[in-house]
Amino acid sequence: MIAIINVNVFDGQNTLNDQAIFVQDDVIQRIVPMSEVNQAELPETVVDAKGMLASAGFIDLQLNGCGGVLLNTAISTETLKIMNETNLKSGTTQFLPTFITSDGESLVEVIEMVEGTEKPEQLGVLGLHLEGPFISVEKKGAHREEFIRQLDEKTAHYLADNADKICVLTVAPENTPQSVIDIVREAGITVSLGHTNATYDQVSEKNGLEMATHLYNAMTPLGSREPGVVGYIFDKKPHAGIIVDGIHASFPSVRIAHEIMGEKLFMVTDAVAPAGTDMTEFDMAGLKAFVTDGKCHYADGTIAGAAVTMIQGLNNLIDHVGLSREEALRMATLYPAQAVKIDNEYGMLKAGYKANITLLSNDNQVKHVFQMGKHVF
(Lines give C-alpha, C1' and ligand atoms only; values in the text may rest on other atoms or scores of the structure.)
Protein backbone atom coordinates (compact mmCIF):
# COMPACT_ATOMS: atom_id res chain seq x y z
CA MET A 1 0.00 0.00 0.00
CA ILE A 2 1.14 3.53 -0.85
CA ALA A 3 -0.45 6.75 0.41
CA ILE A 4 -0.08 10.17 -1.18
CA ILE A 5 -1.10 12.72 1.43
CA ASN A 6 -1.75 16.47 1.57
CA VAL A 7 -2.56 16.50 -2.11
CA ASN A 8 -5.06 18.38 -4.23
CA VAL A 9 -6.70 15.95 -6.64
CA PHE A 10 -7.97 16.69 -10.12
CA ASP A 11 -10.06 13.57 -10.67
CA GLY A 12 -10.82 14.31 -14.33
CA GLN A 13 -13.91 16.36 -13.57
CA ASN A 14 -13.29 18.45 -10.47
CA THR A 15 -10.45 19.49 -8.19
CA LEU A 16 -10.70 18.22 -4.61
CA ASN A 17 -8.47 19.99 -2.10
CA ASP A 18 -6.45 18.47 0.76
CA GLN A 19 -6.94 14.81 -0.05
CA ALA A 20 -5.16 11.49 0.43
CA ILE A 21 -4.82 8.85 -2.30
CA PHE A 22 -4.40 5.22 -1.29
CA VAL A 23 -2.90 2.83 -3.84
CA GLN A 24 -2.68 -0.96 -3.64
CA ASP A 25 -0.62 -2.70 -6.33
CA ASP A 26 -1.58 -0.90 -9.56
CA VAL A 27 -5.06 0.31 -8.57
CA ILE A 28 -6.36 3.34 -6.71
CA GLN A 29 -8.21 2.01 -3.67
CA ARG A 30 -9.72 5.23 -2.36
CA ILE A 31 -9.39 9.01 -2.31
CA VAL A 32 -10.50 10.68 0.90
CA PRO A 33 -10.18 14.10 2.59
CA MET A 34 -7.17 14.41 4.89
CA SER A 35 -9.61 15.16 7.72
CA GLU A 36 -10.77 11.55 7.49
CA VAL A 37 -7.27 10.03 7.52
CA ASN A 38 -6.17 8.23 10.66
CA GLN A 39 -2.43 8.94 10.85
CA ALA A 40 -1.84 5.74 12.81
CA GLU A 41 -3.25 3.68 9.91
CA LEU A 42 -1.07 5.15 7.18
CA PRO A 43 0.99 2.54 5.29
CA GLU A 44 4.75 2.34 5.54
CA THR A 45 5.22 4.12 2.20
CA VAL A 46 3.88 7.68 2.34
CA VAL A 47 4.52 10.52 -0.12
CA ASP A 48 3.76 14.00 1.21
CA ALA A 49 2.62 16.07 -1.76
CA LYS A 50 2.68 19.30 0.28
CA GLY A 51 -0.23 20.83 -1.61
CA MET A 52 0.77 19.79 -5.13
CA LEU A 53 -1.89 18.84 -7.68
CA ALA A 54 -2.41 15.19 -8.58
CA SER A 55 -3.69 14.41 -12.07
CA ALA A 56 -4.11 11.20 -13.96
CA GLY A 57 -0.90 10.43 -15.85
CA PHE A 58 -0.81 11.93 -19.31
CA ILE A 59 -1.72 9.73 -22.30
CA ASP A 60 0.02 10.35 -25.64
CA LEU A 61 -1.68 8.57 -28.53
CA GLN A 62 0.91 9.59 -31.13
CA LEU A 63 4.56 9.26 -30.12
CA ASN A 64 7.12 8.29 -32.77
CA GLY A 65 10.10 8.61 -30.47
CA CYS A 66 11.81 10.69 -27.79
CA GLY A 67 14.86 10.61 -25.58
CA GLY A 68 17.11 10.24 -28.62
CA VAL A 69 15.38 7.18 -30.13
CA LEU A 70 12.83 6.66 -32.89
CA LEU A 71 10.73 3.52 -33.17
CA ASN A 72 11.14 3.29 -36.95
CA THR A 73 14.93 3.31 -36.76
CA ALA A 74 15.31 1.07 -33.70
CA ILE A 75 12.55 -1.54 -33.46
CA SER A 76 13.23 -2.99 -30.01
CA THR A 77 11.93 -3.29 -26.48
CA GLU A 78 14.90 -1.17 -25.42
CA THR A 79 13.50 1.68 -27.55
CA LEU A 80 10.16 1.36 -25.75
CA LYS A 81 11.98 1.50 -22.42
CA ILE A 82 13.84 4.68 -23.36
CA MET A 83 10.64 6.27 -24.64
CA ASN A 84 8.86 5.39 -21.41
CA GLU A 85 11.68 6.71 -19.21
CA THR A 86 11.67 9.98 -21.16
CA ASN A 87 7.88 10.19 -21.00
CA LEU A 88 7.80 9.87 -17.23
CA LYS A 89 9.84 13.05 -16.85
CA SER A 90 7.09 14.93 -18.68
CA GLY A 91 4.24 13.32 -16.73
CA THR A 92 3.26 10.82 -19.44
CA THR A 93 2.45 7.36 -18.08
CA GLN A 94 0.74 5.77 -21.12
CA PHE A 95 1.44 6.08 -24.82
CA LEU A 96 1.02 4.56 -28.23
CA PRO A 97 4.45 3.98 -29.78
CA THR A 98 3.82 5.22 -33.29
CA PHE A 99 5.28 3.53 -36.35
CA ILE A 100 5.18 5.60 -39.52
CA THR A 101 5.16 4.49 -43.15
CA SER A 102 7.68 1.70 -43.79
CA ASP A 103 8.25 -1.43 -45.84
CA GLY A 104 6.16 -4.52 -45.14
CA GLU A 105 8.92 -6.43 -43.36
CA SER A 106 9.44 -3.64 -40.83
CA LEU A 107 5.71 -3.47 -40.18
CA VAL A 108 5.69 -7.16 -39.29
CA GLU A 109 8.85 -6.71 -37.21
CA VAL A 110 7.39 -3.98 -35.01
CA ILE A 111 4.20 -5.98 -34.35
CA GLU A 112 6.24 -9.06 -33.42
CA MET A 113 8.48 -6.92 -31.20
CA VAL A 114 5.51 -5.71 -29.17
CA GLU A 115 4.20 -9.27 -28.99
CA GLY A 116 7.54 -10.37 -27.58
CA THR A 117 7.74 -7.57 -25.01
CA GLU A 118 6.91 -8.86 -21.54
CA LYS A 119 4.18 -6.83 -19.81
CA PRO A 120 4.23 -3.83 -22.19
CA GLU A 121 1.68 -2.08 -19.97
CA GLN A 122 4.42 -1.79 -17.33
CA LEU A 123 6.31 0.32 -19.88
CA GLY A 124 3.26 2.48 -20.47
CA VAL A 125 2.54 0.86 -23.84
CA LEU A 126 -1.17 0.68 -24.68
CA GLY A 127 -0.56 -0.72 -28.16
CA LEU A 128 0.83 0.48 -31.47
CA HIS A 129 -0.33 3.40 -33.54
CA LEU A 130 0.37 2.48 -37.15
CA GLU A 131 0.51 5.83 -38.94
CA GLY A 132 0.65 4.59 -42.49
CA PRO A 133 1.71 3.19 -44.87
CA PHE A 134 -1.88 3.28 -46.12
CA ILE A 135 -1.95 7.03 -46.71
CA SER A 136 -2.05 9.62 -49.49
CA VAL A 137 1.04 10.45 -51.54
CA GLU A 138 -0.22 14.02 -51.91
CA LYS A 139 -0.37 14.49 -48.13
CA LYS A 140 2.54 12.27 -47.14
CA GLY A 141 4.27 14.97 -45.09
CA ALA A 142 7.52 13.50 -43.74
CA HIS A 143 6.61 9.93 -44.76
CA ARG A 144 8.62 8.11 -47.42
CA GLU A 145 6.68 7.93 -50.68
CA GLU A 146 8.25 4.68 -51.87
CA PHE A 147 6.58 2.74 -49.05
CA ILE A 148 3.07 4.19 -49.37
CA ARG A 149 0.52 1.61 -50.55
CA GLN A 150 -3.16 0.71 -50.35
CA LEU A 151 -4.48 -1.49 -47.57
CA ASP A 152 -5.63 -4.77 -49.13
CA GLU A 153 -7.79 -7.45 -47.56
CA LYS A 154 -4.92 -9.86 -46.87
CA THR A 155 -3.01 -7.20 -44.91
CA ALA A 156 -6.19 -6.04 -43.19
CA HIS A 157 -6.81 -9.59 -41.93
CA TYR A 158 -3.20 -9.76 -40.71
CA LEU A 159 -3.67 -6.52 -38.76
CA ALA A 160 -6.99 -7.77 -37.40
CA ASP A 161 -5.32 -10.98 -36.23
CA ASN A 162 -2.87 -8.80 -34.28
CA ALA A 163 -5.42 -6.36 -32.92
CA ASP A 164 -4.25 -7.01 -29.36
CA LYS A 165 -0.97 -5.26 -30.29
CA ILE A 166 -2.48 -2.48 -32.45
CA CYS A 167 -4.59 0.29 -30.95
CA VAL A 168 -4.88 2.84 -33.79
CA LEU A 169 -4.45 2.63 -37.57
CA THR A 170 -4.20 5.86 -39.58
CA VAL A 171 -5.42 5.64 -43.20
CA ALA A 172 -6.30 7.97 -46.05
CA PRO A 173 -10.00 7.14 -46.47
CA GLU A 174 -10.10 8.01 -50.18
CA ASN A 175 -7.60 5.21 -50.85
CA THR A 176 -9.02 2.69 -48.40
CA PRO A 177 -12.01 0.49 -49.33
CA GLN A 178 -14.85 0.20 -46.84
CA SER A 179 -14.38 -3.56 -46.72
CA VAL A 180 -10.90 -3.31 -45.21
CA ILE A 181 -11.91 -0.54 -42.82
CA ASP A 182 -14.60 -2.92 -41.57
CA ILE A 183 -12.12 -5.78 -41.13
CA VAL A 184 -9.74 -3.87 -38.85
CA ARG A 185 -12.44 -1.93 -37.03
CA GLU A 186 -14.45 -5.05 -36.20
CA ALA A 187 -11.27 -6.52 -34.67
CA GLY A 188 -11.18 -3.61 -32.21
CA ILE A 189 -8.63 -1.35 -33.89
CA THR A 190 -9.52 2.35 -33.92
CA VAL A 191 -9.37 3.63 -37.51
CA SER A 192 -8.13 7.20 -37.78
CA LEU A 193 -8.27 9.39 -40.88
CA GLY A 194 -5.04 11.20 -41.63
CA HIS A 195 -2.42 12.05 -44.25
CA THR A 196 -5.37 12.38 -46.58
CA ASN A 197 -6.15 14.42 -49.68
CA ALA A 198 -9.84 13.55 -49.55
CA THR A 199 -12.78 15.83 -50.19
CA TYR A 200 -15.55 16.19 -47.63
CA ASP A 201 -17.77 13.87 -49.69
CA GLN A 202 -15.10 11.20 -50.03
CA VAL A 203 -14.68 11.00 -46.27
CA SER A 204 -18.44 11.08 -45.73
CA GLU A 205 -18.81 7.98 -47.90
CA LYS A 206 -16.83 5.90 -45.38
CA ASN A 207 -18.10 4.51 -42.09
CA GLY A 208 -16.14 3.64 -38.97
CA LEU A 209 -13.64 6.51 -38.98
CA GLU A 210 -13.66 7.21 -35.26
CA MET A 211 -10.58 9.42 -35.00
CA ALA A 212 -8.49 11.96 -36.88
CA THR A 213 -4.68 12.14 -36.81
CA HIS A 214 -3.02 15.50 -36.00
CA LEU A 215 -5.84 17.89 -36.91
CA TYR A 216 -4.96 20.48 -39.58
CA ASN A 217 -1.73 18.74 -40.59
CA ALA A 218 -1.47 16.57 -43.73
CA MET A 219 -5.14 16.93 -44.64
CA THR A 220 -7.28 19.06 -46.96
CA PRO A 221 -8.20 22.39 -45.33
CA LEU A 222 -11.57 23.96 -44.69
CA GLY A 223 -12.73 26.04 -47.64
CA SER A 224 -15.84 28.00 -48.47
CA ARG A 225 -16.99 25.67 -51.24
CA GLU A 226 -15.01 22.52 -50.38
CA PRO A 227 -15.11 21.81 -46.63
CA GLY A 228 -12.28 19.28 -46.97
CA VAL A 229 -11.16 16.93 -44.24
CA VAL A 230 -10.84 19.72 -41.66
CA GLY A 231 -14.43 20.71 -42.41
CA TYR A 232 -15.53 17.09 -42.05
CA ILE A 233 -13.85 16.84 -38.65
CA PHE A 234 -15.42 20.08 -37.43
CA ASP A 235 -18.81 18.98 -38.76
CA LYS A 236 -18.96 15.31 -37.73
CA LYS A 237 -16.67 15.56 -34.70
CA PRO A 238 -14.78 12.29 -34.49
CA HIS A 239 -12.16 12.24 -31.77
CA ALA A 240 -9.13 14.18 -33.02
CA GLY A 241 -5.57 14.64 -31.85
CA ILE A 242 -3.81 17.98 -32.14
CA ILE A 243 -0.15 18.95 -31.70
CA VAL A 244 0.20 21.94 -29.36
CA ASP A 245 3.73 23.14 -30.10
CA GLY A 246 2.81 26.40 -31.84
CA ILE A 247 4.48 25.05 -35.01
CA HIS A 248 2.12 22.40 -36.37
CA ALA A 249 -0.87 24.60 -35.58
CA SER A 250 -0.96 28.19 -34.37
CA PHE A 251 -2.33 28.66 -30.89
CA PRO A 252 -5.43 30.56 -32.16
CA SER A 253 -6.09 27.61 -34.49
CA VAL A 254 -5.90 25.24 -31.51
CA ARG A 255 -8.31 27.49 -29.62
CA ILE A 256 -10.78 27.57 -32.53
CA ALA A 257 -10.62 23.78 -32.82
CA HIS A 258 -11.25 23.37 -29.10
CA GLU A 259 -14.24 25.70 -29.20
CA ILE A 260 -15.75 23.56 -31.98
CA MET A 261 -14.67 20.09 -30.85
CA GLY A 262 -14.80 20.32 -27.05
CA GLU A 263 -14.16 16.96 -25.39
CA LYS A 264 -13.53 15.29 -28.76
CA LEU A 265 -10.19 17.12 -29.09
CA PHE A 266 -7.17 15.68 -27.32
CA MET A 267 -3.49 16.59 -27.25
CA VAL A 268 -0.71 14.53 -28.83
CA THR A 269 2.98 15.27 -29.23
CA ASP A 270 3.79 13.51 -32.54
CA ALA A 271 7.26 13.62 -31.00
CA VAL A 272 10.38 12.20 -32.62
CA ALA A 273 13.86 11.42 -31.29
CA PRO A 274 14.89 14.96 -30.18
CA ALA A 275 11.97 15.35 -27.74
CA GLY A 276 13.35 15.47 -24.22
CA THR A 277 16.90 16.06 -25.48
CA ASP A 278 19.06 18.87 -26.91
CA MET A 279 19.65 17.10 -30.25
CA THR A 280 19.97 19.29 -33.34
CA GLU A 281 20.15 16.50 -35.95
CA PHE A 282 18.51 13.08 -36.12
CA ASP A 283 17.58 10.12 -38.31
CA MET A 284 13.92 10.34 -39.32
CA ALA A 285 13.16 6.81 -40.51
CA GLY A 286 16.12 6.75 -42.86
CA LEU A 287 16.24 10.44 -43.78
CA LYS A 288 18.40 13.12 -42.17
CA ALA A 289 16.45 15.71 -40.24
CA PHE A 290 17.23 18.76 -38.14
CA VAL A 291 15.90 20.77 -35.19
CA THR A 292 15.81 24.56 -35.56
CA ASP A 293 14.16 26.71 -32.88
CA GLY A 294 12.10 23.74 -31.75
CA LYS A 295 11.00 22.79 -35.27
CA CYS A 296 11.89 19.31 -36.55
CA HIS A 297 12.37 19.42 -40.31
CA TYR A 298 14.11 18.06 -43.38
CA ALA A 299 16.65 20.15 -45.30
CA ASP A 300 13.86 21.39 -47.61
CA GLY A 301 11.87 22.69 -44.63
CA THR A 302 9.26 19.90 -44.52
CA ILE A 303 8.11 19.38 -40.93
CA ALA A 304 9.32 16.01 -39.64
CA GLY A 305 7.57 15.32 -36.35
CA ALA A 306 7.79 17.41 -33.21
CA ALA A 307 10.15 18.01 -30.30
CA VAL A 308 7.42 18.95 -27.82
CA THR A 309 6.64 16.98 -24.64
CA MET A 310 3.23 16.56 -23.05
CA ILE A 311 4.05 18.88 -20.14
CA GLN A 312 5.21 21.55 -22.58
CA GLY A 313 2.00 21.09 -24.54
CA LEU A 314 -0.04 21.33 -21.35
CA ASN A 315 1.57 24.64 -20.46
CA ASN A 316 1.02 25.88 -24.01
CA LEU A 317 -2.68 25.08 -23.69
CA ILE A 318 -2.85 27.15 -20.50
CA ASP A 319 -0.48 30.00 -21.33
CA HIS A 320 -1.06 30.49 -25.06
CA VAL A 321 -4.35 28.82 -26.01
CA GLY A 322 -6.11 30.16 -22.93
CA LEU A 323 -7.64 26.98 -21.52
CA SER A 324 -8.20 26.45 -17.83
CA ARG A 325 -5.76 24.19 -16.03
CA GLU A 326 -8.50 21.60 -15.61
CA GLU A 327 -9.49 21.57 -19.29
CA ALA A 328 -5.86 21.40 -20.39
CA LEU A 329 -5.42 18.39 -18.12
CA ARG A 330 -8.47 16.73 -19.64
CA MET A 331 -6.94 17.14 -23.10
CA ALA A 332 -3.90 15.26 -21.82
CA THR A 333 -5.71 12.56 -19.84
CA LEU A 334 -9.45 11.96 -20.02
CA TYR A 335 -10.06 12.90 -23.65
CA PRO A 336 -7.39 10.62 -25.14
CA ALA A 337 -8.61 7.82 -22.87
CA GLN A 338 -12.12 8.31 -24.22
CA ALA A 339 -10.83 8.34 -27.79
CA VAL A 340 -9.49 4.79 -27.50
CA LYS A 341 -12.23 3.60 -25.13
CA ILE A 342 -10.09 3.00 -22.02
CA ASP A 343 -11.67 5.70 -19.85
CA ASN A 344 -13.08 3.02 -17.55
CA GLU A 345 -9.54 2.45 -16.20
CA TYR A 346 -7.37 5.33 -17.43
CA GLY A 347 -7.58 9.11 -17.64
CA MET A 348 -9.16 9.81 -14.24
CA LEU A 349 -8.24 9.55 -10.58
CA LYS A 350 -10.97 7.54 -8.92
CA ALA A 351 -11.27 4.37 -6.90
CA GLY A 352 -10.87 1.35 -9.17
CA TYR A 353 -8.81 3.21 -11.79
CA LYS A 354 -5.21 2.33 -12.63
CA ALA A 355 -2.76 4.12 -10.35
CA ASN A 356 -1.11 6.34 -12.96
CA ILE A 357 -0.61 9.65 -11.21
CA THR A 358 1.31 12.81 -12.07
CA LEU A 359 2.02 15.39 -9.35
CA LEU A 360 2.36 18.98 -10.55
CA SER A 361 3.71 22.05 -8.82
CA ASN A 362 1.74 25.30 -8.79
CA ASP A 363 3.60 26.39 -11.93
CA ASN A 364 2.75 23.12 -13.69
CA GLN A 365 6.07 21.36 -13.51
CA VAL A 366 6.23 17.58 -13.07
CA LYS A 367 7.48 16.69 -9.59
CA HIS A 368 6.44 13.05 -9.03
CA VAL A 369 5.03 10.30 -11.24
CA PHE A 370 3.43 7.00 -10.31
CA GLN A 371 3.07 4.43 -13.10
CA MET A 372 0.85 1.42 -12.51
CA GLY A 373 1.21 2.01 -8.78
CA LYS A 374 5.01 2.39 -8.73
CA HIS A 375 6.70 5.64 -7.68
CA VAL A 376 8.94 5.98 -10.73
CA PHE A 377 9.87 9.65 -10.85
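Owing to the predicted nature of the structure, the values given are computational and were not obtained by experimental measurement. In this chain, residues are counted from 1 in sequence order. Just so it is clear, the values below take in all heavy atoms, side chains as well, and ignore hydrogens, waters and symmetry mates.
Summarising the geometry of Cys167 relative to Leu126, their closest heavy-atom pair is CB-O, 4.3 Å, with the distance given to 0.1 Å. For the pair Met310 and Met267, the tightest heavy-atom approach, listed with the atom from each and the gap, is O-CE, 3.6 Å. Residues Leu349 and Phe10 share a closest heavy-atom pair of CD1-O, 3.8 Å. The two residues Val203 and Pro173 have their closest heavy-atom pair at CG2-CG, 4.1 Å. Taking every heavy atom of both residues into account, Ala304 and Ala289 meet most closely at CB-CB, 4.5 Å. In terms of heavy-atom proximity, Ala54 sits nearest to Ile357 at CB-CG2, 4.0 Å.
Looking at Glu226, its side chain never comes within 3.5 Å of a backbone N or O of Thr199 through a donor-acceptor pair. A donor-acceptor pair is defined here as one N or O able to donate and one able to accept, closer than 3.5 Å; no such pair exists between the side chain of Thr292 and the backbone of Lys295. For the pair Asn162 (side chain) and Lys165 (backbone), a donor-acceptor distance under 3.5 Å is absent. Side chain of Thr333 to main chain of Leu329: a donor-acceptor pair is present (N/O by atom type, distance under 3.5 Å, no hydrogens or angles). Checked by atom type and distance alone, the side chain of Ser361 pairs as donor or acceptor with a backbone atom of Gln365 at under 3.5 Å. In this structure, the side chain of Arg225 does not engage the main chain of Gly223 through any donor-acceptor pair within 3.5 Å. At distances below 3.5 Å, not a single donor-acceptor pair connects side-chain atoms of Thr92 with backbone N or O atoms of Leu88. Although no hydrogens or angles enter the test, the distance criterion places a donor-acceptor pair under 3.5 Å between the side chain of Lys237 and the main chain of Phe234. Asn356 places no side-chain N or O within 3.5 Å of a backbone atom of Thr93 that could act as its donor or acceptor partner. Distance alone, capped at 3.5 Å, places no donor-acceptor pair between the His129 side chain and the Val168 backbone.
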Dump the intermediate steps for side-chain contact (heavy atoms from CB on, under 4.5 Å) on Met348 and Leu334, then the final yes or no. CA-CA 6 Å; Met348 301 182 76; Leu334 178 60; 3.6 Å; yes
If you apply the rule side chain to side chain donor-acceptor pair (under 3.5 Å), what do you find for Asn344 with Tyr353, and how did you get there? CA-CA 7 Å; Asn344 61 325; Tyr353 275 66; over 6 Å; no
Could you please spell out the steps behind the side-chain contact (heavy atoms from CB on, under 4.5 Å) verdict for Asp60 and Leu96? CA-CA 6 Å; Asp60 191 350; Leu96 300 185; over 6 Å; no
Test log, rule side-chain contact (heavy atoms from CB on, under 4.5 Å), inputs Phe282 and Val291: CA-CA 8 Å; Phe282 66 103; Val291 186; 4.0 Å; yes
If you apply the rule salt bridge (Lys or Arg N to Asp or Glu O under 4.0 Å), what do you find for Lys341 with Glu210, and how did you get there? CA-CA 11 Å; Lys341 302 180 180 66; Glu210 299 178 295; 3.2 Å; yes
Decide yes or no on side-chain contact (heavy atoms from CB on, under 4.5 Å) for Val9 and Thr15, but give the supporting numbers first. CA-CA 5 Å; Val9 174; Thr15 298; over 6 Å; no
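With respect to Pro120, the side chain to side chain contact (heavy atoms under 4.5 Å, CB included) criterion is satisfied by exactly one of Leu80, Val125, Thr77, Leu128: Val125. Partner Val321 forms a side chain to side chain contact (heavy atoms under 4.5 Å, CB included) with one of Val244, Asn316, Ile256 and no other, that one being Val244.
Side-chain contact of Gln371 with Asn84: a donor-acceptor pair under 3.5 Å is present, judged by distance alone. Using a 3.5 Å distance cut-off with no hydrogens or angles, the side chains of Gln312 and Thr309 do pair a donor with an acceptor. Side-chain N/O atoms of Ser324 and Glu326 include no donor and acceptor closer than 3.5 Å. Using modelled atom types, one finds a donor on one side chain and an acceptor on the other under 3.5 Å when comparing Thr155 with Asp152. A side-chain N or O of Thr213 and one of Thr170 form a donor-acceptor pair less than 3.5 Å apart. Looking only at atom types and distance, the side chain of Asp182 has no donor-acceptor partner in the side chain of Ser179 under 3.5 Å away. Judged purely by distance below 3.5 Å, without hydrogens or angles, the side chains of His248 and His214 never pair a donor atom with an acceptor atom. With hydrogens and angles left out, the side-chain atoms of Asn72 and Asn64 include no donor and acceptor closer than 3.5 Å.
Taking the charged nitrogens against the carboxylate oxygens, Arg330 and Glu263 have no contact shorter than 4.0 Å, which rules out a salt bridge. In this structure, Arg144 pairs ionically with Glu146, as a charged nitrogen and a carboxylate oxygen lie closer than 4.0 Å.
Side-chain rings of His195 and His143 approach one another, their centers coming within less than 6.0 Å.
In this structure, the side chains of Phe134 and Arg149 come closer than 4.5 Å at one or more pairs of heavy atoms. At least one side-chain heavy atom of Val37 sits less than 4.5 Å from a side-chain heavy atom of Val32. Between Leu314 and Leu360 the shortest side-chain heavy-atom distance falls below 4.5 Å. Side chains of Thr117 and Leu123 form a contact here, defined as non-hydrogen atoms less than 4.5 Å apart.
Going from atom OG1 of Thr269 over to atom CG of Asp245 covers 9.5 Å, rounded to the nearest 0.5 Å. Taking CE of Met34 as the start and CD1 of Ile5 as the end, the distance is 4.5 Å to the nearest 0.5 Å. In this structure, CG on Asp25 lies 9.5 Å from NZ on Lys354, to the nearest 0.5 angstrom. In this structure, CG in Leu317 is found 13.5 Å from CZ in Arg325, a value given to the nearest 0.5 Å. Distance check, rounded to the nearest 0.5 Å: NE2 of His258 to OH of Tyr335 gives 5.5 Å. Interatomic distance, Lys139 NZ to Ile148 CD1, rounded to the nearest 0.5 Å: 13.0 Å.
Under a hydrophobic clustering in which Ile, Leu, Val, Met, Phe, Trp and Tyr are joined whenever their side-chain heavy atoms come within less than 4.5 Å, directly or via other members, Ile189 and Ile183 fall into different clusters. Side-chain heavy atoms closer than 4.5 Å link hydrophobic residues (I, L, V, M, F, W, Y) into clusters, and following such links, even through other members, never connects Ile342 to Val27. No chain of hydrophobic side-chain contacts below 4.5 Å, direct or via other Ile, Leu, Val, Met, Phe, Trp or Tyr residues, connects Ile243 to Val272.
Around atom CG of Asp293, no more than 12 heavy atoms belonging to other residues, nucleotides or ligands sit under 6.0 Å away. No more than 12 heavy atoms of other residues, nucleotides or ligands sit less than 6.0 Å from atom NZ of Lys374.
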